[in-house]
Amino acid sequence: QVQLVESGGGLAQPGGSLRLSCAAPGFSLDNYDIGWFRQAPGKEREGVLCISRGDGDTYYADSVKGRFTISRDNAKNTVTLHMNSLKPEDTATYYCAADHGRPLGIQAMCIRLLGDYWGQGTQVTVSS
């Protein structure tokens, strides 16, 4: 069973930056598609950024394009969500998920909230 651990959440000011990391002790994340998802209080979970294994194909939600990026560090076995120009509406619990891969591709992972394994989440609060 793959266990995912998110870290790096916290409080940031509007316009600030945070980095969230997803790790899977004992498992190689480069064998999985990885997605970052978020859920704000009273709202549905949404896919933020997803990256495929292998060719690194990515999908970005419109709300984060130009502000968030995702990267893999295979040596450290982590996937990092780089969040810049943060807005109060980015406040949410952020989850990472790992998926063995689906025929519909990485966009489907983010849009349909697909994942075989999920982390417990880390809180991000953007406020002055």
Side-chain angles (χ1 to χ4, degrees):
Q1 181 76 8
V2 178
Q3 291 188 327
L4 302 177
V5 180
E6 302 99 338
S7 62
L11 176 66
Q13 292 189 341
S17 299
L18 282 175
R19 290 189 302 177
L20 306 183
S21 290
C22 178
F27 293 88
S28 180
L29 287 179
D30 60 358
N31 292 329
Y32 299 88
D33 295 345
I34 302 295
W36 282 98
F37 302 82
R38 66 186 181 187
Q39 188 165 18
K43 294 188 177 181
E44 294 184 350
R45 189 170 295 190
E46 63 171 339
V48 175
L49 252 175
C50 295
I51 185 169
S52 67
R53 67 193 187 283
D55 62 6
D57 189 21
T58 53
Y59 171 83
Y60 294 75
D62 288 342
S63 58
V64 305
K65 282 181 180 177
R67 301 189 299 121
F68 291 12
T69 58
I70 191 170
S71 63
R72 289 183 181 267
D73 187 333
N74 291 335
K76 295 182 179 180
N77 196 33
T78 57
V79 177
T80 300
L81 180 66
H82 304 266
M83 304 187 296
N84 301 308
S85 302
L86 284 163
K87 303 176 181 180
E89 51 264 43
D90 294 319
T91 295
T93 301
Y94 284 71
Y95 302 87
C96 70
D99 196 85
H100 288 96
R102 316 283 173 121
L104 294 177
I106 201 64
Q107 179 173 334
M109 182 182 185
C110 257
I111 292 176
R112 300 188 181 190
L113 311 182
L114 302 175
D116 293 314
Y117 309 102
W118 291 81
Q120 294 298 308
T122 185
Q123 178 66 35
V124 170
T125 302
V126 183
S127 174
S128 55

Could you pull out the closest heavy-atom pair between [X] and [Y], with the gap in Å?
| X | Y | answer |
| --- | --- | --- |
| L49 | T69 | CD1-C, 3.5 Å |
| P14 | S128 | CD-N, 3.7 Å |
| A24 | L4 | CB-CD2, 3.7 Å |
| E46 | R38 | OE2-NE, 2.6 Å |
| S17 | N84 | OG-OD1, 2.9 Å |
| G115 | A97 | CA-CB, 4.3 Å |

Quiz item: Okay, side chain of R72, backbone of L29: is any donor-acceptor separation there less than 3.5 Å?
Solution: yes
Quiz item: Looking only at atom types and distance, does a side-chain atom of Q120 sit under 3.5 Å from a main-chain N or O of E6, one as donor and one as acceptor?
Solution: no
Is there a side-chain contact between [X] and [Y], using heavy atoms and a 4.5 Å cut-off?
| X | Y | result |
| --- | --- | --- |
| T58 | I106 | no |
| Q13 | L86 | no |
| R67 | D90 | yes |
| V126 | L18 | no |
| M83 | L20 | yes |

Quiz item: Would you call D33 and R102 a salt bridge, using N to O less than 4.0 angstrom?
Solution: no
Quiz item: Do D62 and K65 sit within salt-bridge range, that is, some charged N less than 4.0 Å from a carboxylate O?
Solution: yes
Quiz item: According to the disulfide bond (SG atoms under 2.5 Å apart) rule, which pairs have a member within residues 99-128, sequence neighbours left out?
Solution: C50-C110
Quiz item: Can you list every disulfide bond (SG atoms under 2.5 Å apart) pair that touches residues 69-105, not counting sequence neighbours?
Solution: C22-C96
Quiz prompt | Verdict with reasoning, R53 to I34, per side-chain contact (heavy atoms from CB on, under 4.5 Å) | solution = CA-CA 8 Å; R53 67 193 187 283; I34 302 295; over 6 Å; no
Self-check item: ring pair (Phe, Tyr, Trp, His ring centres under 6.0 Å) assessment of F68 paired with W36
Solution: CA-CA 11 Å; F68 291 12; W36 282 98; over 10 Å; no
Practice problem: Check side-chain contact (heavy atoms from CB on, under 4.5 Å) between S7 and all other residues, then give those that pass, not counting sequence neighbours. | Solution: S21
Quiz item: Which ring pair (Phe, Tyr, Trp, His ring centres under 6.0 Å) pairs, counting each pair once, include a residue from residues 75-102, with sequence neighbours left out?
Solution: Y32-H100, H100-Y117
Quiz prompt | Side-chain hydrophobic cluster, 4.5 Å single linkage: members besides V5 | solution = none
Quiz item: Same hydrophobic cluster for L81 and Y60, using side-chain heavy-atom links shorter than 4.5 Å among ILVMFWY?
Solution: yes
Quiz prompt | With R112 via side-chain hydrogen bond (donor to acceptor under 3.5 Å, both in side chains) - residues at least two apart | solution = none
